[in-house]
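All remarks here apply to the structure that follows.
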Amino acid sequence: MRDKLLPLGIVASARCSFNCGKNKSIEHLFFACPFTQSIWIQILRMCNIRRQILPWPDEIQWMTDHSRGNRFPQDLQKLAFAATVFHVWMERNRRCFKKSFLTRELIIHKIQEDVGARLESLKSSAVHTEEHYHSLGCK
Ligand SMILES: [Zn+2]
């Protein structure tokens, strides 16, 4: 959309909000941009995953293939992926519209916090389910 509006002078710049000099696009934002790519690599490492960053459609495919099931590593990957996409998008908007920005470290910290909080709530709902089944069993 921004690419189309640029010739009309409606959008100031079609350049990436993270100042890498490339044109912005969804594929660039997730995670071809050196800035967002370094965040995603870091988050993957925290999940004990070391691999090349793929083009965006392949990243989605990888996540779909590797996050089936409800065991802990899959839950963690799904949460980490969702939180990273969310916070990269928020940061892009912050830079586009508010002209303010967070550092890479702060963004990673926010992603960690998010994932941590959701894991906690998953854990407590899992305990809840076990208790539920336990009491069902007793009855
Ligand atoms: Zn960029």
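Only this structure's heavy atoms are used, side chains among them; waters, hydrogens and symmetry mates stay out.
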Just to verify, what does Q74 make a side-chain hydrogen bond (donor to acceptor under 3.5 Å, both in side chains) with, not counting sequence neighbours?
none

Indicate the atoms forming the closest heavy-atom contact of R95 with L102, along with that distance.
NH2-O, 2.9 Å

Do R92 and F97 touch side chain to side chain, with heavy atoms closer than 4.5 Å?
yes

For S38 versus R104, what's the shortest heavy-atom pair and its separation?
OG-NE, 2.7 Å

Please answer: with hydrophobic residues joined when any side-chain heavy atoms are less than 4.5 Å apart, are F72 and M63 in the same cluster?
yes

Checking the side chain of K24 only, and the main-chain atoms of A14 only, is there a donor and an acceptor separated by less than 3.5 Å?
no

Determine, for F81 and R118, whether the Lys NZ or Arg CZ falls below 6.0 Å from the six-membered ring centre while staying within 45 degrees of the axis.
no

Kindly compute the distance separating CD (Q77) from CG (N48), expressed to the nearest 0.5 Å.
10.0 Å

Shortest non-hydrogen pair, H28 vs C20, comes out as NE2-SG, 3.2 Å

Single-linkage hydrophobic cluster I60~L79, side-chain heavy atoms < 4.5 angstrom
yes

Point-to-point distance, once rounded to the nearest 0.5 Å, from CG of L106 to CD1 of I111:
11.0 Å

On a heavy-atom basis, the closest approach of V88 and F30 is CG1-CE2, 3.7 Å

Indicate the ring-plane relationship of W40 and F31, choosing parallel, tilted or perpendicular according to the 30° and 60° boundaries.
parallel

For W62, ring-ring contact (aromatic ring centres under 6.0 Å, His included) partners two or more places apart
H66

One pair to check against side chain to side chain contact (heavy atoms under 4.5 Å, CB included): T36 and I107. What are the steps and the verdict?
CA-CA 10 Å; T36 59; I107 298 167; over 6 Å; no

Can you tell me if F35 has over 12 outside heavy atoms packed within less than 6.0 Å of its CZ?
yes

Only pairs at least two apart or in different chains count here, so list each salt bridge (Lys or Arg N to Asp or Glu O under 4.0 Å) that has a residue in residues 31-55.
R51-E59

NZ-OG1 distance between K78 and T64, expressed to the nearest 0.5 angstrom:
10.0 Å

Would you say that L29 contacts W89 through its side chain, given a criterion of any heavy-atom pair below 4.5 Å between the two side chains?
yes

Apply salt bridge (Lys or Arg N to Asp or Glu O under 4.0 Å) to the pair R94 and E91, showing each step before the final yes or no.
CA-CA 5 Å; R94 196 177 287 119; E91 180 61 14; 2.2 Å; yes

Side chain to side chain contact (heavy atoms under 4.5 Å, CB included) between F18 and Q37, worked out:
CA-CA 11 Å; F18 299 106; Q37 184 171 109; over 6 Å; no

So do the side chains of M46 and I43 get within less than 4.5 Å of each other, counting heavy atoms only?
yes

Could you grab the distance from atom OG of S17 to atom NZ of K99, nearest 0.5 Å is fine?
8.0 Å

Please examine the side chains of E113 and H109, heavy atoms only from C-beta on, and report whether any two atoms are closer than 4.5 Å.
yes

Please assess R15 against K22 for the test side chain to side chain contact (heavy atoms under 4.5 Å, CB included), listing each intermediate value before the final yes or no.
CA-CA 6 Å; R15 298 274 179 225; K22 298 272 165 54; over 6 Å; no

Nearest atoms (heavy-atom pairs only) where V115 meets A83:
CG2-CB, 3.8 Å

Would you say T84 and L44 make side-chain contact, with heavy atoms under 4.5 Å?
no

